[in-house]
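Report on one structure; see the data block that follows.
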Amino acid sequence: MFAHLKAVWTFRYFWMSLVRMDLRSRYRRSVLGIGWSVLHPLAMSAVFCLVFAEIMKVQGGDPAGYPAQWRWYAAYLLCGMSVWSFIQTSTAIGCQALLMNEAYIRQCPLPYGIYPLRTVMGTGIHFVISMAVVVALVCVMKGTPAPLGLLWAVIPVLVLLFLFCWALATLAAFATVYFHDTAHLVEVGSQLFFFLTPIMYPRTILEAKGAKALVDLNPVVVFLELIRTPLVDGTLPAAQVYVQGVVLTLAAVGLAFGTIGWLQKKVIFHM
């Protein structure tokens, strides 16, 4: 594993140039450029706010004041949408990470972790921009830069989330080489998991419907609590949630490195 990490760092200029190339290609001749990266979660959050903030009676800020409730729910929802989008997009695009870079793989024996990293770095840039919007929205909501005081608790979680997304992208990339329907399964599965994840509503609603076991087994919920609780609610999550996040990330990263070590010499014959 350490040798692989060293090789990834050695070729850092190569994969960083690939990330820059992807961003330039995606936003070439675009008026807003990278600003489009937050348009989708902002638009979806606005629609959900208009529909669910009143129907579900989500309370936040001043319970008696609808504007305060709406602003709280907007920050709550946008944060959830940003985290979900980062995980889902990294996994979905990661399915093609090896197939899309087949020419590089055949020409030069670079470490395989580079190609999912290329995907996650691109989606990670969009995610960081979205989170900056969340912080700004919470500051406006509370009238003070309140969430800035707990950023120290969020930044390490972002690192864990990045590693977790890289592991998912790596596993999806290898699975797609051997089973090309993986991308379609990820797309269908993400649509199902979206409504089984407390993004639009608190987890208590899912638990009241008898889905507590599914919520507890959903890894996205852990990262949602670790990021959304400090930023939106202004409190720290329970210590056990941090432990769950670390264990989950280490397990996913270990599985990803194990897969690379097991299949890196075989996968080329199936591409």
Side-chain angles (χ1 to χ4, degrees), residues 22 26 36-49 51-52 76-100 115-131 134 157-158 160-203 205-207 209-228 244-245 248-249 251-253 255-256 259:
D22 290 341
R26 182 172 181 175
W36 287 106
S37 61
V38 296
L39 181 61
H40 181 264
L42 277 175
M44 292 296 292
S45 298
V47 172
F48 286 136
C49 278
V51 175
F52 288 99
Y76 178 90
L77 182 57
L78 180 58
C79 186
M81 290 291 296
S82 299
V83 174
W84 169 261
S85 179
F86 182 34
I87 297 175
Q88 190 274 334
T89 305
S90 297
T91 307
I93 301 180
C95 290
Q96 306 298 325
L98 294 181
L99 296 177
M100 184 176 61
Y115 306 112
L117 183 61
R118 171 187 184 180
T119 297
V120 178
M121 284 292 294
T123 56
I125 292 173
H126 302 152
F127 172 64
V128 170
I129 296 175
S130 298
M131 294 308 300
V134 172
V157 178
L158 297 182
L160 291 178
L161 179 58
F162 179 87
L163 293 175
F164 180 74
C165 289
W166 172 84
L168 290 183
T170 301
L171 295 172
F174 279 94
T176 302
V177 172
Y178 287 89
F179 185 62
H180 284 224
D181 287 337
T182 300
H184 301 290
L185 291 175
V186 168
E187 181 180 358
V188 174
S190 62
Q191 293 177 357
L192 295 176
F193 266 94
F194 178 82
F195 293 100
L196 293 175
T197 305
I199 298 173
M200 300 178 293
Y201 28 71
R203 62 180 297 167
I205 293 181
L206 291 173
E207 293 174 353
K209 297 296 183 180
K212 184 179 186 305
L214 293 176
V215 174
D216 292 337
L217 294 175
N218 190 340
V220 182
V221 176
V222 176
F223 292 104
L224 278 176
E225 292 186 6
L226 290 176
I227 294 176
R228 192 155 55 183
Q244 291 175 357
L248 183 63
T249 302
V253 171
L255 185 59
T259 302

Residues in ring pair (Phe, Tyr, Trp, His ring centres under 6.0 Å) with [X], at least two apart?
| X | result |
| --- | --- |
| F194 | W84 |
| Y115 | none |
| Y178 | H270 |
| F174 | none |

Notebook entry, point to check: Sequence neighbours excluded, which residues qualify as salt bridge (Lys or Arg N to Asp or Glu O under 4.0 Å) partners of R118?
Noted result: D22
Note to self: Applying side-chain hydrogen bond (donor to acceptor under 3.5 Å, both in side chains), can you list everything that pairs with S90, at least two apart in sequence or on another chain?
What the structure shows: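 Only T123 meet the side-chain hydrogen bond (donor to acceptor under 3.5 Å, both in side chains) criterion with S90.
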Next item on the list: Please list, chain by chain and in numerical order, all residues satisfying side-chain hydrogen bond (donor to acceptor under 3.5 Å, both in side chains) with T197, sequence neighbours excluded.
Entry: N218
Notebook entry, point to check: If every non-hydrogen atom of R228 is compared with every non-hydrogen atom of G80, which pair is closest and at what distance?
Noted result: NH1-CA, 3.5 Å
Check: Where do P198 and L224 come nearest, in terms of heavy atoms and distance?
Finding: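 It is O-CD1, 3.8 Å.
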Check: Between S130 and L78, is any pair of side-chain heavy atoms under 4.5 Å apart?
Finding: no
Item checked: salt bridge (Lys or Arg N to Asp or Glu O under 4.0 Å): pairs with one or both residues in residues 184-203, sequence neighbours excluded -> R203-E207, R203-D216, R203-E225
Notebook entry, point to check: Checking side-chain contact (heavy atoms from CB on, under 4.5 Å) against I199, which of L77, V220, V221 comes through?
Noted result: L77
Check: Among all residues two or more places apart in sequence or in another chain, which pass the side chain to side chain contact (heavy atoms under 4.5 Å, CB included) test with L248?
Finding: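 Once residues adjacent in sequence are excluded, the partners of L248 under the side chain to side chain contact (heavy atoms under 4.5 Å, CB included) criterion are F164, P219, F223.
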Next item on the list: Could you pull out all residues at least two apart from A175 that satisfy side chain to side chain contact (heavy atoms under 4.5 Å, CB included)?
Entry: T182
Checklist line | Intermediate values then yes/no, side chain to side chain contact (heavy atoms under 4.5 Å, CB included), T170 and L255 | finding: CA-CA 9 Å; T170 301; L255 185 59; over 6 Å; no
Checklist line | Steps toward side chain to side chain contact (heavy atoms under 4.5 Å, CB included) verdict (V215, L196) | finding: CA-CA 7 Å; V215 174; L196 293 175; over 6 Å; no
Check: How long is the gap from CZ on F86 to CD1 on I227, to the nearest 0.5 Å?
Finding: 9.0 Å
